[in-house]
Amino acid sequence: MKEKEYDEAAAPAGQEKYPGYTDDRDENEFAETEAVSGLHRRLSNRQIQWIAIGGSIGTALFVSIGWGLVEGGPGSLFIAFALYSCILALANSSMAEMSVFMPVVGGWVRMGSKWVDEAYGFMAGWNFFLYEAVLIPFEINALNLVLTYWRDDIPVAAVVAGCIVLYAIINLFAVRAYGESEFWLASGKVILIFMLFAFTFITMVGGNPKHDAYGFRYWNKPGSFAEYLHTGALGRFEGFLGAFFQASFTIVGPEYVAMVAGEAIYPRKTIKTAYKTMYFRFGIFFIMGALCVGIILPYDDPTLTNILNTQGTGTGAASPYVIAMKNMGISVLPDLTNALMVTSIFSAGNSYVYCATRSLYSLSLDGHAPKFLRKTTKNGVPIYCFCITMLFTLLGFLSVGASAAQGVKWLANITQAAQLMDYIIMCTIYLFFYRALKTQGISRDTLPYKGWGQPYVAMVGVVLFSVVLAIYGYATFYAFDVGTFMTYYAMCFIDIILYIGYKLWFRTPFVKPEEADLVWERPAIDAYEASIDPPLGLWTDIWKTITLQKRKKHVDHEHET
């Protein structure tokens, strides 16, 4: 390896120079390819933005949110979703700055190894992989249950097999196929949620078969704040906690954008836009969604409480929107809502297949999983990682039996803590990243994107996410049961074992701030972006897609070999 300075004059405008940059590759080699770490940058601007939307909107926003309404009431539900959106914004700000700076395959999973500690990256990667992989059969099981809204004699095994085949077709051939499928599936989610917003407004002002302008009636009777577990002020506070914990598993987003950063066209622009608009998604989709649910149904609606207590939230009939439509005597619309929820569930499973595959691949790149998993097809698909991920889809066949289906649900439940762990990990990595920038004399003003309020935002994020993780299973201590306790906290213990075990076995040191690799893949990414045209604007890209127009690929000859 020869010493080579990353020349500021040769770098794209606004990029600082990196003393001590070491590499033996010619800069032109970087411009020749759009493949970084074996994968291809094929996800367009519209696909990235819609994947960000699709990753944010899950079935929990349409169905499981009913639990938050029953336990907390409309007031608690609205406040809880607004508060948790603000908390998740802390992780989003931290992840955005790092991901736009270094849009690598695996996102924060690999940043943990580079900037914190190899053991930390090992734990982060397996935490995310297990969480995503286990959720695949859970979503397939949920899809089966939602289909029972129309009839209960649909062959379960056939639905599972169909999902497996479709996931394989979409994810196996090329990342572009995944991006295109998610663009259209996410479009269905967007149509669904705005349709439900319109339904809420029109019916609350009297546009329903009963001509009942009910407005905010249910906020007064039975009330805005429900009691949960206990009565009085304590019960209302516990109701708020119930709604808050529902919000913590409904509102997501930063992790999915980070996962696609390594395969995004012109990542510095497309990924930055996806992160910057995340705050608007929190406000429009989640906070507005919580407000609408609290308007259309009272928290003590007998149909809602009966379905939740007997059938759970696996069926489309448990959706507060579907129940409200039936209460008002509206036909057809419930069927359309359920149909769009089917596409939403399928989209969620599709995203989990993609993210699990890429997280396993990133583990292999860093030596935290077997090297043979680094094998990719000519289309840039990590083939062996994909095959291992697809093995988890076979657990969907357990839903053929009722008792086995409970096993799948139990597996999904014990990994729920992994989601909160992801955000703790993101904020922690940012603090190490911030310290490395400061120690190496790199001004954050020179970064492609500068997060707000740092490093205090990341510090507060670590504290708040840790508190939420610590207390979200508090109800188990009222009548302690080891099985229930492990359902809530098993993943925390698994992560501790992964981290300590790796650290003791390999004796890995923490990365010193002056030695943190802040160059890494930046020269390759900079050269790649300098060799192509900037991406189309979002709405221009969407218009060209709808009108079947093709954009000719143009290469800046100034940067050609």
Note: Pro320 and Gly66 closest approach over all heavy atoms is CG-CA, 3.8 Å

Modelled atom types, side-chain donor and acceptor of Thr357 and Asn171, under 3.5 Å: no

OH (Tyr384) with more than 12 external heavy atoms under 6.0 Å: no

Smallest separation among heavy atoms of Leu373 and Tyr361, with atom names: O-CD1, 3.6 Å

Note: Lys114-Asp366 ion pair, threshold 4.0 Å (strictly below): no

Between Tyr84 and Phe249, is the ring centroid distance below 6.0 Å? no

Pro74 side chain reached by Ile295 side chain, heavy atoms, under 4.5 Å: no

Under 3.5 Å, is there a donor-acceptor pair between the side chain of Glu182 and the main chain of Gly179? no

Could you go step by step and tell me if Phe128 and Met259 meet the side-chain contact (heavy atoms from CB on, under 4.5 Å) rule? CA-CA 11 Å; Phe128 189 66; Met259 275 293 127; 3.7 Å; yes

Heavy-atom nearest pair, Leu77 first then Ala290, reads CD2-O, 3.6 Å

Indicate yes or no: at least one non-hydrogen side-chain atom of Ser319 is less than 4.5 angstrom from one of Met341. yes

Say whether Glu521 and Tyr528, considering side chains only, have a donor N or O and an acceptor N or O under 3.5 Å apart. no

Run the salt bridge (Lys or Arg N to Asp or Glu O under 4.0 Å) test on Lys269 and Glu529 for me, step by step, so that the C-alpha distance in whole Å, both residues' side-chain angles and the decisive distance to 0.1 Å come before the verdict. CA-CA 10 Å; Lys269 182 176 179 63; Glu529 290 192 335; over 6 Å; no

Check: Arg281/Thr277 side-chain N/O donor and acceptor closer than 3.5 Å: yes

Do the side chain of Ser181 and the main chain of Tyr178 share a donor and acceptor less than 3.5 angstrom apart? yes

Just so I know, are the side chains of Phe138 and Val134 near enough to count as touching, which here means a heavy-atom distance under 4.5 Å? no

Does any part of the side chain of Phe81, heavy atoms only, come nearer than 4.5 Å to the side chain of Ile65, both counted from C-beta? yes

Please enumerate all residues that pass salt bridge (charged side-chain N to carboxylate O under 4.0 Å, His left out) together with Glu180, with sequence neighbours excluded. Arg46

Check the angle between the aromatic planes of Tyr434 and Tyr430 and answer parallel, tilted or perpendicular using the 30° and 60° thresholds. tilted

Contact between Phe101 and Pro448 at the side-chain level, heavy atoms closer than 4.5 Å - yes or no? yes

Would you check if there is a donor-acceptor pair between the side chains of Glu132 and Ser359 at a distance under 3.5 Å? no

Kindly list each side-chain donor-acceptor pair under 3.5 angstrom involving residues 450-460, sequence neighbours excluded, with atom names and distances?
unit_1 : atom_1 : unit_2 : atom_2 : d
Lys450 : NZ     : Asp445 : OD1    : 2.8
Trp452 : NE1    : Tyr279 : OH     : 3.0
Gln454 : OE1    : Ala458 : N      : 3.2
Gln454 : NE2    : Ser94  : OG     : 3.1

Test side-chain contact (heavy atoms from CB on, under 4.5 Å) on Val260 and Arg358; report intermediate values, then the result. CA-CA 9 Å; Val260 300; Arg358 268 51 181 187; over 6 Å; no

What's the shortest heavy-atom distance between Leu365 and Arg374, and which atoms? O-NH2, 3.7 Å

Approximate separation, where rounding is to 0.5 Å, of His368 NE2 and Trp126 CH2: 11.0 Å

Distance from Leu90 atom CG to Met95 atom CE, nearest 0.5 Å? 14.5 Å

Using 30° and 60° as the class limits, which term best fits the ring planes of Phe183 and Trp50: parallel, tilted or perpendicular? tilted

Cut-off 3.5 Å, side chains only: do Ser93 and Glu97 have a donor facing an acceptor? no

Do Phe199 and Ile296 touch side chain to side chain, with heavy atoms closer than 4.5 Å? yes

Give, for atom SG of Cys292 and atom CD1 of Ile287, the distance between the pair rounded to the nearest 0.5 Å. 12.0 Å

Phe392/Phe129 under ring-ring contact (aromatic ring centres under 6.0 Å, His included): CA gap, chis, key distance, verdict: CA-CA 11 Å; Phe392 283 83; Phe129 170 73; 5.8 Å; yes

Between Gln49 and Thr273, a side-chain donor and acceptor under 3.5 Å: no

List the residues meeting side-chain contact (heavy atoms from CB on, under 4.5 Å) with Asp117, not counting sequence neighbours, and say none if there are none. Ala119, Tyr120, Tyr499, Lys503, Thr508, Phe510

Return yes if a side-chain donor-acceptor contact under 3.5 Å exists between Tyr423 and Glu255, otherwise no. yes

Roughly how far, to the nearest 0.5 Å, is the CE atom of Met98 from the CG atom of Leu437? 10.5 Å

For a quick test of reading the model, state the closest non-hydrogen atom pair linking Arg41 to Pro103 and the distance between them. NH2-O, 2.9 Å

Anything under 30° is parallel, anything over 60° is perpendicular, the rest tilted; go ahead and classify Phe282 against Phe286. tilted

Hey, could you give me the OG1/NE2 distance between Thr377 and His40, rounded to the nearest 0.5 Å? 7.5 Å

When you compare the side chain of Ser248 with that of Tyr472, does any pair of heavy atoms fall below 4.5 Å? no

Looking only at heavy atoms, the pair that brings Val511 and Ser113 closest together is CG2-O, 4.0 Å

Distance in Å, Asn127 CG paired with Ile425 CD1, rounded so as to fall on 0.5 Å steps: 5.0 Å

Could you please spell out the steps behind the side-chain contact (heavy atoms from CB on, under 4.5 Å) verdict for Leu360 and Phe386? CA-CA 9 Å; Leu360 184 58; Phe386 169 79; over 6 Å; no

Beyond-backbone contact of Thr389 with Tyr352, side-chain heavy atoms, under 4.5 angstrom: no

